[in-house]
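Each remark here refers to the structure printed beneath this line.
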Amino acid sequence: MEISDARITALMEKAMDLRLQRQNLLASNLANVNTPGYRRNDITFEDKLRSAMDMNAMSVSRTSESHLGAGRNLVAVAPDLVVPARTAINNDLNSVDMESELSQMSRNRLLYEVLIQAMTKKMQLLEYTIREAGS
C-alpha cells in the first residue's frame with residue numbers, strides 16, 4: 001500500500017485532533033473524580049482511522065495534485081463515545097480511578113507529542129526543500 005504525502009499529513013492532522021479530544025475527555029473525568037454518581041467516559045477512534053486510511057488506499061487514483069481526494073475519508077472520522085461497563089465503582093457510584101486516568105493521559109499526551117514532532121519534521125523538510133529550490 002502506497003501512502004501519499006498528502007494522506008500522511010491529513011492522517012497526522014486528524015490523529016492530533018482526536019488525541020486532543022481524548023485528552024479533554026480524560027481531563028473531564030479527572031475533574032469529576034469526587035462527583036457522586038459520575039461515570040467515566042472515553043472515546044475510541046483508532047479502528048475508524050485505520051479503516052479510513054484503507055478506504056483511501058482503494059480510492060480512485062488522482063492524476064493531478066490539485067485534485068481533491070487525499071484524506072477525504074479522514075475528515076468524516078468521528079470518535080465514538082464510550083462509557084466502559086467494566087469499571088470499578090466506588091461507594092458513591094463514581095467510576096473514575098485517578099491513577100488509571102493519569103496513566104491514560106500520559107500515554108495520550110506522549111502519542112500527541114510524537115505526532116507534533118513528526119509534523120514539525122515534515123514542515124522543516126518542506127521549508128528546506130523550498131529554500132534549496134530558490135537558491
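Please read these numbers as outputs of a predicted model, since none were measured by experiment.
- A donor-acceptor pair is defined here as one N or O able to donate and one able to accept, closer than 3.5 Å; such a pair exists between the side chain of N94 and the backbone of T35.
- Nearest heavy-atom pair across R109 and Q23 is N-OE1, 3.8 Å.
- V82 and L18 fall into different hydrophobic clusters, defined by Ile, Leu, Val, Met, Phe, Trp and Tyr side-chain heavy atoms under 4.5 Å apart, directly or through other members.
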Check against side-chain contact (heavy atoms from CB on, under 4.5 Å), L125 and K121: CA-CA 6 Å; L125 181 61; K121 291 290 182 190; over 6 Å; no
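- A donor-acceptor contact under 3.5 angstrom links the side chains of D17 and Q21, judged on distance only.
- Counting side-chain heavy-atom gaps under 4.5 Å among Ile, Leu, Val, Met, Phe, Trp and Tyr, the cluster of V96 also holds L26, L30, V33, Y38, M98, L102, M105.
- The main-chain N or O of D42 is never found under 3.5 Å from a side-chain atom of R22 such that the two would form a donor-acceptor pair.
- L111 and L115 fall into different hydrophobic clusters, where Ile, Leu, Val, Met, Phe, Trp and Tyr are joined by side-chain heavy atoms under 4.5 Å apart, directly or via other members.
- Qualifying side chain to side chain contact (heavy atoms under 4.5 Å, CB included) partners for E132, counting only residues two or more places apart in sequence or in other chains: Y128, S135.
- The main-chain N or O of R19 is found under 3.5 Å from a side-chain atom of N108 such that the two form a donor-acceptor pair.
- N24 meets the side chain to side chain contact (heavy atoms under 4.5 Å, CB included) test with L20; sequence neighbours excluded.
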Full working for side-chain contact (heavy atoms from CB on, under 4.5 Å) between K14 and V75: CA-CA 7 Å; K14 190 65 178 183; V75 173; 5.6 Å; no
Test side-chain contact (heavy atoms from CB on, under 4.5 Å) applied to D5 and K122, step by step: CA-CA 10 Å; D5 195 48; K122 183 173 171 30; 2.7 Å; yes
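- Of the possible donor and acceptor atoms, one in the side chain of N29 sits under 3.5 Å from a partner among the backbone N and O of N41.
- Residue E99 places its CD atom among 12 or fewer non-hydrogen atoms of other residues, nucleotides or ligands, all under 6.0 Å distant.
- For the residue pair S100/D97, the side-chain donor-acceptor check at 3.5 Å is not satisfied.
- The pair E46-R50 fails the salt-bridge criterion, with no side-chain N (NZ, NE, NH1 or NH2) lying under 4.0 Å from an Asp/Glu carboxylate O.
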Check against side-chain contact (heavy atoms from CB on, under 4.5 Å), L11 and L49: CA-CA 8 Å; L11 174 64; L49 209 53; 3.7 Å; yes
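- A distance-only check finds a donor-acceptor pair linking the side chain of K48 to the backbone of A78 [under 3.5 Å].
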